[in-house]
Amino acid sequence: MPQRVVSPRVVFTPDGGGPPFMLGPDDQTFYPLARHQGLEARPEDYRVDADGADWIPAIERAQAAAEVVSYTPGKEYLISRGIRPVSGKKHRGNRAVLKNMRTHAKSPYHAAFLLGNIHPAMFKYSPTTADHLPVHDCATIAVGHRDINLSVVGNSAAYAVGQWCVVRTRGELFTSGAYYPHWAQFAKVAASSAGVVTLDRPVLDAIASACISPIGSTTDTYTGTPWAFIEGVEISDFLIDAPDVCSTRSGASRCEIRGINLKNADQAFAVNAFLNCSVSDVQGPVTDRMIELKCYSTGNRFSRFSGHLGASGTLPPIDIAEQSSRNILEQIVFVVPSSNGNDIECARIGGRWNVVQDSDLYHLGGAGAPVAAMFGENFVGYGPRGNKLVNTRLTAGAARTHHIIVGGGPEAAEQPTHYTLQGVETFGVTTSSKSLKVAYGGQGGKLVGCSLSYGHEIVTGATAPSEAAVSIA
(Lines give C-alpha, C1' and ligand atoms only; values in the text may rest on other atoms or scores of the structure.)
Protein backbone atom coordinates (compact mmCIF):
# COMPACT_ATOMS: atom_id res chain seq x y z
CA MET A 1 0.00 0.00 0.00
CA PRO A 2 1.23 3.56 -0.56
CA GLN A 3 2.78 5.48 2.29
CA ARG A 4 0.83 8.46 3.59
CA VAL A 5 2.05 11.80 4.87
CA VAL A 6 0.20 13.93 7.40
CA SER A 7 0.47 17.07 5.32
CA PRO A 8 2.27 18.05 2.12
CA ARG A 9 5.69 19.40 3.04
CA VAL A 10 6.61 20.77 -0.39
CA VAL A 11 3.99 21.83 -2.90
CA PHE A 12 4.61 23.39 -6.30
CA THR A 13 2.57 24.27 -9.36
CA PRO A 14 4.07 23.73 -12.84
CA ASP A 15 5.12 26.94 -14.61
CA GLY A 16 2.74 26.23 -17.47
CA GLY A 17 -0.21 25.79 -15.12
CA GLY A 18 -2.01 22.60 -14.23
CA PRO A 19 -2.65 20.72 -10.98
CA PRO A 20 -0.22 21.20 -8.06
CA PHE A 21 2.25 18.52 -6.98
CA MET A 22 3.68 17.51 -3.56
CA LEU A 23 6.96 15.93 -2.46
CA GLY A 24 6.41 12.32 -1.40
CA PRO A 25 7.72 10.56 1.73
CA ASP A 26 10.93 9.44 -0.02
CA ASP A 27 11.95 13.12 -0.46
CA GLN A 28 12.59 12.42 -4.15
CA THR A 29 9.29 11.70 -5.89
CA PHE A 30 6.61 14.25 -6.56
CA TYR A 31 2.94 13.19 -6.62
CA PRO A 32 -0.21 15.06 -7.66
CA LEU A 33 -1.51 16.93 -4.62
CA ALA A 34 -4.96 15.52 -5.38
CA ARG A 35 -3.71 12.05 -4.42
CA HIS A 36 -2.71 13.30 -0.98
CA GLN A 37 -6.12 14.88 -0.54
CA GLY A 38 -7.99 11.65 -1.32
CA LEU A 39 -9.30 12.98 -4.63
CA GLU A 40 -7.24 10.83 -7.00
CA ALA A 41 -5.56 7.43 -6.82
CA ARG A 42 -3.63 5.15 -9.16
CA PRO A 43 -4.09 1.37 -9.23
CA GLU A 44 -0.29 1.05 -8.95
CA ASP A 45 -0.42 2.65 -5.50
CA TYR A 46 -2.69 -0.13 -4.23
CA ARG A 47 -1.19 -3.22 -5.83
CA VAL A 48 0.21 -6.07 -3.72
CA ASP A 49 2.15 -9.16 -4.79
CA ALA A 50 -0.74 -11.48 -3.94
CA ASP A 51 -2.82 -9.88 -6.71
CA GLY A 52 -0.81 -11.70 -9.37
CA ALA A 53 -1.58 -10.67 -12.95
CA ASP A 54 -5.08 -9.46 -12.13
CA TRP A 55 -5.49 -5.70 -11.68
CA ILE A 56 -9.10 -5.87 -10.42
CA PRO A 57 -8.16 -5.87 -6.69
CA ALA A 58 -5.82 -2.86 -7.04
CA ILE A 59 -8.27 -0.91 -9.21
CA GLU A 60 -11.12 -1.39 -6.76
CA ARG A 61 -8.91 -0.55 -3.74
CA ALA A 62 -7.94 2.69 -5.48
CA GLN A 63 -11.60 3.39 -6.18
CA ALA A 64 -12.44 2.94 -2.50
CA ALA A 65 -9.72 5.43 -1.54
CA ALA A 66 -10.42 8.32 -3.92
CA GLU A 67 -12.99 10.03 -6.08
CA VAL A 68 -10.94 9.55 -9.26
CA VAL A 69 -9.04 6.46 -10.39
CA SER A 70 -6.30 7.63 -12.75
CA TYR A 71 -4.65 5.04 -15.00
CA THR A 72 -1.10 5.18 -16.41
CA PRO A 73 -1.04 6.33 -20.06
CA GLY A 74 -0.44 3.45 -22.48
CA LYS A 75 -0.26 0.80 -19.76
CA GLU A 76 -2.14 -2.50 -20.22
CA TYR A 77 -4.23 -3.61 -17.23
CA LEU A 78 -5.28 -7.28 -17.29
CA ILE A 79 -8.60 -7.87 -15.54
CA SER A 80 -10.26 -11.17 -14.59
CA ARG A 81 -13.76 -9.67 -14.76
CA GLY A 82 -15.39 -6.32 -15.35
CA ILE A 83 -14.58 -3.47 -12.97
CA ARG A 84 -17.43 -2.65 -10.59
CA PRO A 85 -17.62 1.16 -10.41
CA VAL A 86 -19.07 2.78 -7.31
CA SER A 87 -21.71 5.46 -7.77
CA GLY A 88 -20.19 8.91 -8.16
CA LYS A 89 -16.68 7.69 -8.96
CA LYS A 90 -14.59 8.50 -12.06
CA HIS A 91 -12.29 6.22 -14.05
CA ARG A 92 -9.88 8.24 -16.22
CA GLY A 93 -8.04 5.98 -18.61
CA ASN A 94 -5.50 8.45 -20.00
CA ARG A 95 -5.32 6.14 -23.06
CA ALA A 96 -4.55 3.06 -20.97
CA VAL A 97 -5.62 -0.42 -22.13
CA LEU A 98 -8.16 -2.53 -20.23
CA LYS A 99 -7.91 -6.16 -21.33
CA ASN A 100 -10.42 -8.66 -20.00
CA MET A 101 -8.76 -12.08 -19.80
CA ARG A 102 -12.18 -13.75 -20.38
CA THR A 103 -11.45 -16.37 -17.75
CA HIS A 104 -14.71 -15.94 -15.81
CA ALA A 105 -17.22 -18.74 -16.27
CA LYS A 106 -20.12 -16.34 -16.96
CA SER A 107 -20.10 -14.11 -20.03
CA PRO A 108 -21.49 -10.89 -18.44
CA TYR A 109 -18.25 -10.71 -16.46
CA HIS A 110 -16.25 -10.51 -19.70
CA ALA A 111 -17.10 -6.81 -20.04
CA ALA A 112 -14.69 -4.02 -19.12
CA PHE A 113 -17.16 -2.47 -16.65
CA LEU A 114 -20.07 -3.89 -14.65
CA LEU A 115 -22.45 -0.95 -14.35
CA GLY A 116 -25.19 -2.10 -11.99
CA ASN A 117 -27.23 -5.25 -12.60
CA ILE A 118 -30.62 -5.16 -14.33
CA HIS A 119 -32.00 -7.82 -16.68
CA PRO A 120 -35.45 -8.91 -17.90
CA ALA A 121 -34.98 -12.11 -15.88
CA MET A 122 -36.13 -10.08 -12.85
CA PHE A 123 -39.63 -9.57 -14.28
CA LYS A 124 -42.65 -11.81 -13.84
CA TYR A 125 -46.10 -10.72 -12.80
CA SER A 126 -47.34 -13.97 -11.22
CA PRO A 127 -46.33 -16.30 -9.76
CA THR A 128 -42.87 -15.03 -8.93
CA THR A 129 -39.84 -17.12 -7.96
CA ALA A 130 -36.54 -16.34 -6.23
CA ASP A 131 -35.15 -14.37 -9.21
CA HIS A 132 -38.17 -12.13 -9.67
CA LEU A 133 -38.98 -8.80 -8.08
CA PRO A 134 -41.91 -8.62 -5.64
CA VAL A 135 -45.02 -7.32 -7.41
CA HIS A 136 -47.66 -5.03 -5.86
CA ASP A 137 -50.81 -4.09 -7.76
CA CYS A 138 -51.77 -0.45 -7.94
CA ALA A 139 -54.43 1.80 -9.44
CA THR A 140 -54.30 3.10 -13.00
CA ILE A 141 -51.35 5.47 -13.46
CA ALA A 142 -52.02 8.57 -15.56
CA VAL A 143 -49.41 10.39 -17.63
CA GLY A 144 -47.45 12.92 -15.57
CA HIS A 145 -48.47 11.53 -12.17
CA ARG A 146 -45.97 10.63 -9.46
CA ASP A 147 -48.21 9.18 -6.73
CA ILE A 148 -48.75 5.43 -7.02
CA ASN A 149 -51.80 4.23 -5.11
CA LEU A 150 -51.24 0.67 -3.93
CA SER A 151 -54.11 -1.81 -3.88
CA VAL A 152 -52.91 -3.14 -0.50
CA VAL A 153 -52.07 -0.33 1.92
CA GLY A 154 -49.49 -2.34 3.86
CA ASN A 155 -47.32 -2.92 0.77
CA SER A 156 -45.94 0.62 1.06
CA ALA A 157 -43.61 -0.74 3.77
CA ALA A 158 -41.56 -2.39 0.98
CA TYR A 159 -40.52 1.03 -0.40
CA ALA A 160 -37.86 3.22 1.22
CA VAL A 161 -36.98 6.78 0.22
CA GLY A 162 -34.14 6.72 -2.32
CA GLN A 163 -34.80 3.14 -3.37
CA TRP A 164 -35.12 2.22 -7.03
CA CYS A 165 -38.40 0.73 -8.23
CA VAL A 166 -40.18 -0.04 -11.47
CA VAL A 167 -43.77 0.75 -12.47
CA ARG A 168 -45.08 -1.53 -15.17
CA THR A 169 -48.00 -3.19 -16.89
CA ARG A 170 -49.32 -6.43 -15.47
CA GLY A 171 -49.50 -7.68 -19.03
CA GLU A 172 -46.22 -9.15 -20.22
CA LEU A 173 -44.62 -10.89 -23.18
CA PHE A 174 -42.67 -14.13 -22.70
CA THR A 175 -39.79 -14.22 -25.16
CA SER A 176 -36.13 -15.24 -25.13
CA GLY A 177 -36.66 -16.97 -21.78
CA ALA A 178 -37.88 -13.88 -19.91
CA TYR A 179 -41.12 -12.06 -19.09
CA TYR A 180 -41.13 -8.55 -20.55
CA PRO A 181 -43.79 -6.10 -19.31
CA HIS A 182 -45.62 -4.51 -22.23
CA TRP A 183 -44.41 -1.20 -20.76
CA ALA A 184 -42.23 -0.25 -17.78
CA GLN A 185 -40.49 2.76 -16.30
CA PHE A 186 -37.75 2.90 -13.67
CA ALA A 187 -37.79 5.56 -10.94
CA LYS A 188 -36.69 6.24 -7.37
CA VAL A 189 -38.90 6.51 -4.33
CA ALA A 190 -39.31 10.13 -3.19
CA ALA A 191 -41.76 9.35 -0.37
CA SER A 192 -43.68 6.40 1.02
CA SER A 193 -46.76 6.61 3.22
CA ALA A 194 -49.77 4.44 3.97
CA GLY A 195 -50.79 2.95 0.63
CA VAL A 196 -49.00 5.55 -1.51
CA VAL A 197 -45.54 5.49 -3.10
CA THR A 198 -44.41 8.83 -4.56
CA LEU A 199 -41.86 8.67 -7.36
CA ASP A 200 -39.04 11.15 -7.95
CA ARG A 201 -40.15 11.66 -11.58
CA PRO A 202 -43.44 11.71 -13.49
CA VAL A 203 -44.73 8.60 -15.22
CA LEU A 204 -44.23 9.23 -18.94
CA ASP A 205 -46.85 6.85 -20.35
CA ALA A 206 -50.25 5.90 -18.96
CA ILE A 207 -50.52 2.41 -17.45
CA ALA A 208 -54.09 1.15 -17.10
CA SER A 209 -53.48 -2.28 -15.56
CA ALA A 210 -50.53 -1.32 -13.39
CA CYS A 211 -48.24 -2.70 -10.73
CA ILE A 212 -45.00 -1.65 -9.03
CA SER A 213 -41.94 -3.51 -7.76
CA PRO A 214 -39.14 -2.51 -5.37
CA ILE A 215 -35.57 -3.13 -6.61
CA GLY A 216 -32.81 -4.23 -4.26
CA SER A 217 -34.42 -6.88 -2.07
CA THR A 218 -34.00 -9.67 -4.66
CA THR A 219 -30.78 -11.30 -5.87
CA ASP A 220 -29.95 -12.29 -9.43
CA THR A 221 -29.12 -15.95 -8.98
CA TYR A 222 -27.17 -16.03 -12.25
CA THR A 223 -24.60 -13.44 -11.17
CA GLY A 224 -25.03 -13.88 -7.41
CA THR A 225 -25.49 -10.12 -6.95
CA PRO A 226 -28.62 -8.06 -6.18
CA TRP A 227 -30.63 -6.37 -8.90
CA ALA A 228 -29.26 -2.83 -8.70
CA PHE A 229 -28.64 0.51 -10.42
CA ILE A 230 -25.46 2.57 -10.38
CA GLU A 231 -25.45 6.36 -10.67
CA GLY A 232 -23.18 9.24 -11.68
CA VAL A 233 -20.18 7.24 -12.89
CA GLU A 234 -17.72 8.69 -15.43
CA ILE A 235 -15.51 6.52 -17.64
CA SER A 236 -13.16 8.13 -20.17
CA ASP A 237 -10.26 7.61 -22.55
CA PHE A 238 -9.61 3.87 -22.67
CA LEU A 239 -8.65 1.35 -25.29
CA ILE A 240 -10.88 -1.57 -24.31
CA ASP A 241 -9.91 -5.09 -25.33
CA ALA A 242 -13.02 -6.96 -24.23
CA PRO A 243 -16.23 -8.38 -25.72
CA ASP A 244 -18.31 -5.57 -24.18
CA VAL A 245 -17.56 -2.13 -22.79
CA CYS A 246 -20.47 -2.49 -20.33
CA SER A 247 -21.97 -5.71 -19.10
CA THR A 248 -25.08 -6.89 -20.92
CA ARG A 249 -26.69 -7.01 -17.43
CA SER A 250 -26.23 -3.29 -16.79
CA GLY A 251 -28.39 -0.80 -14.93
CA ALA A 252 -27.11 2.79 -15.01
CA SER A 253 -28.46 6.28 -14.35
CA ARG A 254 -26.80 9.61 -15.24
CA CYS A 255 -23.50 7.97 -16.21
CA GLU A 256 -21.07 9.32 -18.81
CA ILE A 257 -18.77 7.24 -21.02
CA ARG A 258 -16.53 8.89 -23.62
CA GLY A 259 -13.36 8.44 -25.62
CA ILE A 260 -13.42 4.65 -26.11
CA ASN A 261 -11.41 2.73 -28.71
CA LEU A 262 -12.58 -0.83 -29.29
CA LYS A 263 -10.53 -3.99 -29.77
CA ASN A 264 -11.94 -7.53 -30.06
CA ALA A 265 -15.44 -6.25 -29.26
CA ASP A 266 -18.45 -8.52 -29.76
CA GLN A 267 -21.32 -6.29 -28.54
CA ALA A 268 -19.72 -3.01 -27.53
CA PHE A 269 -22.78 -1.41 -25.91
CA ALA A 270 -25.60 -3.95 -25.51
CA VAL A 271 -27.07 -2.37 -22.41
CA ASN A 272 -30.10 -2.82 -20.18
CA ALA A 273 -31.88 -0.10 -18.25
CA PHE A 274 -29.70 2.85 -19.20
CA LEU A 275 -31.36 6.04 -17.92
CA ASN A 276 -30.27 9.56 -18.94
CA CYS A 277 -26.73 8.45 -19.76
CA SER A 278 -24.30 9.91 -22.29
CA VAL A 279 -21.95 7.79 -24.42
CA SER A 280 -19.72 9.52 -26.97
CA ASP A 281 -16.61 9.35 -29.13
CA VAL A 282 -16.42 5.59 -29.64
CA GLN A 283 -14.66 3.94 -32.55
CA GLY A 284 -13.57 0.52 -33.72
CA PRO A 285 -14.90 -2.70 -35.27
CA VAL A 286 -17.44 -5.03 -33.65
CA THR A 287 -18.31 -8.66 -34.31
CA ASP A 288 -22.07 -8.26 -33.78
CA ARG A 289 -23.37 -5.02 -32.25
CA MET A 290 -22.18 -1.47 -31.76
CA ILE A 291 -25.24 -0.09 -29.91
CA GLU A 292 -28.14 -2.12 -28.57
CA LEU A 293 -30.51 -0.29 -26.23
CA LYS A 294 -32.61 -2.79 -24.27
CA CYS A 295 -34.87 -3.28 -21.28
CA TYR A 296 -36.72 0.04 -21.11
CA SER A 297 -33.65 2.28 -21.53
CA THR A 298 -34.79 5.91 -21.57
CA GLY A 299 -33.44 9.40 -22.20
CA ASN A 300 -29.93 8.51 -23.38
CA ARG A 301 -27.70 10.18 -25.94
CA PHE A 302 -25.19 8.17 -28.00
CA SER A 303 -22.95 10.46 -30.08
CA ARG A 304 -20.03 10.26 -32.51
CA PHE A 305 -19.65 6.53 -33.10
CA SER A 306 -17.61 5.10 -35.96
CA GLY A 307 -17.11 1.46 -36.84
CA HIS A 308 -17.86 -1.54 -39.01
CA LEU A 309 -19.35 -4.99 -38.55
CA GLY A 310 -17.39 -8.22 -38.82
CA ALA A 311 -17.94 -10.62 -41.71
CA SER A 312 -19.64 -13.15 -39.41
CA GLY A 313 -21.96 -10.70 -37.61
CA THR A 314 -25.54 -11.97 -37.37
CA LEU A 315 -27.24 -9.16 -35.41
CA PRO A 316 -28.25 -5.60 -36.39
CA PRO A 317 -25.28 -3.48 -35.26
CA ILE A 318 -27.54 -0.54 -34.35
CA ASP A 319 -30.62 -1.81 -32.51
CA ILE A 320 -33.11 0.11 -30.36
CA ALA A 321 -35.29 -2.58 -28.82
CA GLU A 322 -37.19 -3.94 -25.81
CA GLN A 323 -39.33 -0.84 -25.34
CA SER A 324 -36.48 1.64 -25.05
CA SER A 325 -37.81 5.16 -25.47
CA ARG A 326 -36.87 8.81 -25.94
CA ASN A 327 -33.25 8.09 -26.86
CA ILE A 328 -31.10 10.02 -29.34
CA LEU A 329 -28.42 8.42 -31.51
CA GLU A 330 -26.48 10.98 -33.52
CA GLN A 331 -23.42 11.26 -35.74
CA ILE A 332 -23.20 7.50 -36.14
CA VAL A 333 -21.04 6.28 -39.03
CA PHE A 334 -21.34 2.54 -39.45
CA VAL A 335 -20.68 0.05 -42.24
CA VAL A 336 -21.94 -3.47 -42.82
CA PRO A 337 -19.23 -4.58 -45.27
CA SER A 338 -19.62 -6.58 -48.48
CA SER A 339 -17.96 -9.54 -46.74
CA ASN A 340 -21.01 -9.95 -44.49
CA GLY A 341 -23.61 -12.13 -46.18
CA ASN A 342 -26.12 -12.37 -43.33
CA ASP A 343 -29.70 -11.14 -43.64
CA ILE A 344 -29.58 -8.27 -41.12
CA GLU A 345 -30.28 -4.54 -41.14
CA CYS A 346 -27.60 -1.98 -40.43
CA ALA A 347 -30.03 -0.19 -38.09
CA ARG A 348 -33.29 -1.32 -36.49
CA ILE A 349 -35.30 1.42 -34.79
CA GLY A 350 -37.91 0.10 -32.37
CA GLY A 351 -39.38 1.25 -29.08
CA ARG A 352 -41.07 4.64 -28.84
CA TRP A 353 -40.06 8.23 -29.59
CA ASN A 354 -36.46 7.38 -30.45
CA VAL A 355 -34.39 9.49 -32.87
CA VAL A 356 -31.48 8.56 -35.12
CA GLN A 357 -30.07 11.73 -36.64
CA ASP A 358 -27.12 13.24 -38.54
CA SER A 359 -25.73 9.81 -39.33
CA ASP A 360 -24.31 7.77 -42.22
CA LEU A 361 -25.37 4.13 -42.44
CA TYR A 362 -23.90 1.81 -45.07
CA HIS A 363 -25.13 -1.70 -45.85
CA LEU A 364 -22.91 -3.26 -48.50
CA GLY A 365 -23.49 -6.88 -47.48
CA GLY A 366 -24.68 -9.76 -49.60
CA ALA A 367 -28.13 -10.56 -48.19
CA GLY A 368 -31.44 -8.81 -48.77
CA ALA A 369 -32.35 -6.92 -45.58
CA PRO A 370 -32.78 -3.13 -45.89
CA VAL A 371 -30.27 -0.60 -44.65
CA ALA A 372 -32.69 0.48 -41.90
CA ALA A 373 -35.99 -0.78 -40.52
CA MET A 374 -38.76 0.30 -38.18
CA PHE A 375 -40.35 -3.06 -37.40
CA GLY A 376 -43.39 -4.01 -35.37
CA GLU A 377 -43.31 -5.55 -31.90
CA ASN A 378 -45.51 -7.79 -29.75
CA PHE A 379 -45.89 -5.46 -26.74
CA VAL A 380 -49.68 -5.27 -26.71
CA GLY A 381 -51.00 -1.72 -26.46
CA TYR A 382 -47.52 -0.20 -26.56
CA GLY A 383 -46.36 -0.70 -30.15
CA PRO A 384 -43.61 1.33 -31.85
CA ARG A 385 -44.63 4.97 -32.07
CA GLY A 386 -43.09 8.33 -32.87
CA ASN A 387 -39.65 7.11 -34.01
CA LYS A 388 -37.64 9.41 -36.28
CA LEU A 389 -34.83 9.13 -38.80
CA VAL A 390 -33.48 12.64 -39.41
CA ASN A 391 -30.77 14.12 -41.67
CA THR A 392 -29.32 10.67 -42.28
CA ARG A 393 -27.83 9.07 -45.36
CA LEU A 394 -28.64 5.44 -46.19
CA THR A 395 -26.31 3.75 -48.67
CA ALA A 396 -27.26 0.35 -50.11
CA GLY A 397 -25.18 -2.33 -51.78
CA ALA A 398 -26.72 -4.06 -54.77
CA ALA A 399 -28.38 -6.82 -52.69
CA ARG A 400 -30.61 -4.57 -50.54
CA THR A 401 -34.34 -4.95 -51.17
CA HIS A 402 -35.04 -1.38 -49.94
CA HIS A 403 -33.27 1.46 -48.19
CA ILE A 404 -35.82 1.42 -45.36
CA ILE A 405 -38.79 -0.76 -44.42
CA VAL A 406 -41.54 0.32 -42.02
CA GLY A 407 -43.64 -2.44 -40.47
CA GLY A 408 -43.47 -6.23 -40.39
CA GLY A 409 -40.60 -8.07 -38.75
CA PRO A 410 -40.41 -11.24 -36.66
CA GLU A 411 -42.54 -9.91 -33.77
CA ALA A 412 -45.13 -7.70 -35.36
CA ALA A 413 -48.48 -7.79 -33.57
CA GLU A 414 -48.16 -4.03 -32.90
CA GLN A 415 -47.13 -2.06 -35.97
CA PRO A 416 -45.18 1.24 -36.04
CA THR A 417 -47.17 4.46 -36.25
CA HIS A 418 -46.44 8.21 -36.34
CA TYR A 419 -42.92 7.69 -37.69
CA THR A 420 -40.98 10.50 -39.39
CA LEU A 421 -38.34 10.43 -42.10
CA GLN A 422 -36.93 13.94 -42.33
CA GLY A 423 -34.01 15.02 -44.49
CA VAL A 424 -33.22 11.37 -45.31
CA GLU A 425 -31.09 10.76 -48.41
CA THR A 426 -30.69 7.37 -50.08
CA PHE A 427 -27.86 6.15 -52.32
CA GLY A 428 -27.22 2.96 -54.25
CA VAL A 429 -29.50 0.53 -56.01
CA THR A 430 -32.08 -1.84 -54.51
CA THR A 431 -33.41 -5.11 -55.92
CA SER A 432 -37.00 -3.82 -55.71
CA SER A 433 -36.19 -0.49 -57.36
CA LYS A 434 -37.91 1.10 -54.36
CA SER A 435 -36.38 3.11 -51.51
CA LEU A 436 -39.19 2.96 -48.93
CA LYS A 437 -41.52 0.06 -48.18
CA VAL A 438 -44.43 0.42 -45.77
CA ALA A 439 -45.22 -3.22 -45.08
CA TYR A 440 -47.85 -2.84 -42.33
CA GLY A 441 -49.35 -0.13 -40.16
CA GLY A 442 -47.83 3.26 -40.78
CA GLN A 443 -50.65 5.50 -39.57
CA GLY A 444 -49.43 9.04 -39.03
CA GLY A 445 -46.20 8.51 -41.01
CA LYS A 446 -44.44 11.55 -42.49
CA LEU A 447 -41.80 12.16 -45.14
CA VAL A 448 -40.32 15.65 -44.95
CA GLY A 449 -37.55 17.05 -47.13
CA CYS A 450 -36.25 13.64 -48.21
CA SER A 451 -34.19 12.87 -51.32
CA LEU A 452 -34.82 9.26 -52.37
CA SER A 453 -33.22 7.17 -55.10
CA TYR A 454 -36.52 5.45 -55.89
CA GLY A 455 -40.22 5.67 -55.09
CA HIS A 456 -42.30 3.90 -52.45
CA GLU A 457 -43.87 0.48 -52.08
CA ILE A 458 -47.05 0.59 -49.99
CA VAL A 459 -48.35 -2.90 -49.21
CA THR A 460 -52.12 -3.39 -49.34
CA GLY A 461 -53.62 -2.47 -45.97
CA ALA A 462 -50.69 -0.28 -44.93
CA THR A 463 -50.96 3.51 -44.73
CA ALA A 464 -48.90 5.69 -47.04
CA PRO A 465 -47.06 8.56 -45.34
CA SER A 466 -47.85 12.18 -45.89
CA GLU A 467 -45.18 13.99 -47.93
CA ALA A 468 -43.68 17.45 -48.05
CA ALA A 469 -40.75 18.57 -50.21
CA VAL A 470 -39.79 14.99 -51.16
CA SER A 471 -37.71 14.43 -54.30
CA ILE A 472 -37.32 11.08 -56.05
CA ALA A 473 -34.50 10.58 -58.55
Side-chain angles (χ1 to χ4, degrees), residues 115-116 118 120 123 141-146 164-169 180-188 199-207 210 229 231-232 246 250-257 269-280 290-305 316 318-332 347-359 372-377 379 381-392 406 414-423 441 444-446 448:
L115 293 178
I118 299 290
F123 293 121
I141 306 173
V143 172
H145 284 213
R146 296 171 53 220
W164 281 98
C165 64
V166 57
V167 290
R168 49 158 293 189
T169 57
Y180 292 80
H182 293 157
W183 190 255
Q185 181 180 330
F186 298 101
K188 295 177 80 172
L199 307 180
D200 69 337
R201 63 202 71 185
V203 172
L204 298 177
D205 297 277
I207 304 177
F229 275 93
E231 302 179 70
C246 303
S250 56
S253 173
R254 298 179 296 103
C255 294
E256 181 179 358
I257 303 170
F269 290 91
V271 296
N272 290 331
F274 256 43
L275 311 176
N276 303 311
C277 295
S278 171
V279 184
S280 63
M290 178 63 90
I291 303 170
E292 184 189 22
L293 279 169
K294 308 185 296 178
C295 194
Y296 315 97
S297 294
T298 302
N300 303 287
R301 186 178 291 268
F302 285 68
S303 306
R304 298 185 297 280
F305 276 63
I318 311 296
D319 193 359
I320 307 174
E322 294 180 11
Q323 297 298 64
S324 295
S325 68
R326 301 167 173 84
N327 300 287
I328 296 175
L329 279 62
E330 60 188 356
Q331 295 179 291
I332 311 295
R348 185 179 291 184
I349 308 168
R352 312 187 102 199
W353 300 291
N354 296 298
V355 179
V356 177
Q357 63 186 18
D358 303 320
S359 296
M374 295 181 180
F375 281 159
E377 296 171 343
F379 297 102
Y382 294 87
R385 182 183 177 95
N387 294 314
K388 296 182 178 182
L389 187 62
V390 180
N391 296 342
T392 292
V406 175
E414 298 277 325
Q415 294 296 339
T417 63
H418 300 86
Y419 65 93
T420 300
L421 306 182
Q422 180 176 342
K446 297 178 182 179
V448 181

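The first residue in the sequence is number 1, and the count goes up from there.
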Revision key, fill the gap. Closest non-hydrogen contact found for Asn387 with Trp353 is OD1-N, 3.2 Å

Check your understanding: Backbone N or O of Asn300 within a donor-acceptor pair of the Asn276 side chain at under 3.5 Å?
Key -> no

**Study point:** Side chain Thr169, main chain Trp183, donor-acceptor under 3.5 Å
**Key:** yes

Exercise for review: With ring-ring contact (aromatic ring centres under 6.0 Å, His included) as the test, would you mind laying out the steps for Tyr296 and Phe274 before giving the verdict?
Suggested key: CA-CA 8 Å; Tyr296 315 97; Phe274 256 43; over 10 Å; no

Check your understanding: Got a donor-acceptor contact below 3.5 angstrom from the Asp200 side chain to the Lys188 backbone?
Key -> yes

Check your understanding: Say you draw a straight line from OG of Ser250 to CG of Leu115; how long is it, rounded to the nearest 0.5 Å?
Key -> 6.5 Å

**Study point:** Step-by-step side chain to side chain contact (heavy atoms under 4.5 Å, CB included) determination, Ile318 to Ile332
**Key:** CA-CA 9 Å; Ile318 311 296; Ile332 311 295; 4.0 Å; yes

**Study point:** Arg146 side chain reached by Arg201 side chain, heavy atoms, under 4.5 Å
**Key:** no

Point to revise | Tyr180-Phe123 aromatic ring centre distance below 6.0 Å | key: no

Study note, to complete from the structure: To the nearest 0.5 Å, atom CD1 of Ile257 lies from atom OG of Ser280 at 9.5 Å

Exercise for review: Step by step, work out the side chain to side chain contact (heavy atoms under 4.5 Å, CB included) result for Met374 and Leu421.
Suggested key: CA-CA 11 Å; Met374 295 181 180; Leu421 306 182; 4.0 Å; yes

Review point. Counting N and O atoms only, with roles assigned by atom type, does the side chain of Ser297 sit under 3.5 Å from a partner on the main chain of Ala273, one being a donor and the other an acceptor?
Key: yes

Check your understanding: Quick check: does any side chain N or O of Gln185 sit under 3.5 Å from a backbone N or O of Pro202, one acting as donor and the other as acceptor?
Key -> yes

**Study point:** Gap separating the CD atom of Glu292 from the CG atom of Asp319, nearest 0.5 angstrom
**Key:** 5.0 Å

Review point. Just by distance, do the side chain of Asn354 and the backbone of Asn327 share a donor-acceptor pair under 3.5 Å?
Key: yes

Exercise for review: Supply the atom-to-atom distance Tyr419 OH to Lys388 NZ, rounded to the nearest 0.5 angstrom.
Suggested key: 14.0 Å

Point to revise | Atom pair CZ (Arg254) and SG (Cys277), whose distance is rounded to the nearest 0.5 Å | key: 9.0 Å

Review point. Can Ser303 and Gln331 be counted as having a side-chain donor-acceptor contact under 3.5 angstrom?
Key: no

Review point. Step by step, would you call Gln357 with Asn391 a side chain to side chain contact (heavy atoms under 4.5 Å, CB included)?
Key: CA-CA 6 Å; Gln357 63 186 18; Asn391 296 342; 5.5 Å; no

Point to revise | Donor-acceptor under 3.5 Å (Gln415 side chain, Gly441 main chain) | key: no

Review point. Are Glu414 and Arg352 close enough for a salt bridge, meaning some N to O gap below 4.0 Å?
Key: no

**Study point:** Distance (rounded to the nearest 0.5 Å) between Phe186 CZ and Thr298 OG1
**Key:** 8.0 Å

Check your understanding: Quick one: does Ser324's side chain have a donor or acceptor within less than 3.5 Å of a partner on Ala321's backbone?
Key -> yes

Review point. Counting only N and O atoms by type, is there a donor-acceptor contact under 3.5 Å from the side chain of Asp358 to the main-chain atoms of Val390?
Key: no

Practice item. Answer yes or no: is there a donor N or O on one side and an acceptor on the other, between the side chain of Asn272 and the main chain of Ile118, under 3.5 Å? Key: yes

**Study point:** Test log, rule side chain to side chain contact (heavy atoms under 4.5 Å, CB included), inputs Gln323 and Glu377
**Key:** CA-CA 9 Å; Gln323 297 298 64; Glu377 296 171 343; 3.0 Å; yes

Point to revise | Any side-chain heavy-atom pair of Ile291 and Phe305 under 4.5 Å | key: yes

Study note, to complete from the structure: Paired with Ile141, the side-chain contact (heavy atoms from CB on, under 4.5 Å) test is passed by just one of Val203, Asp205, Leu199, namely Val203

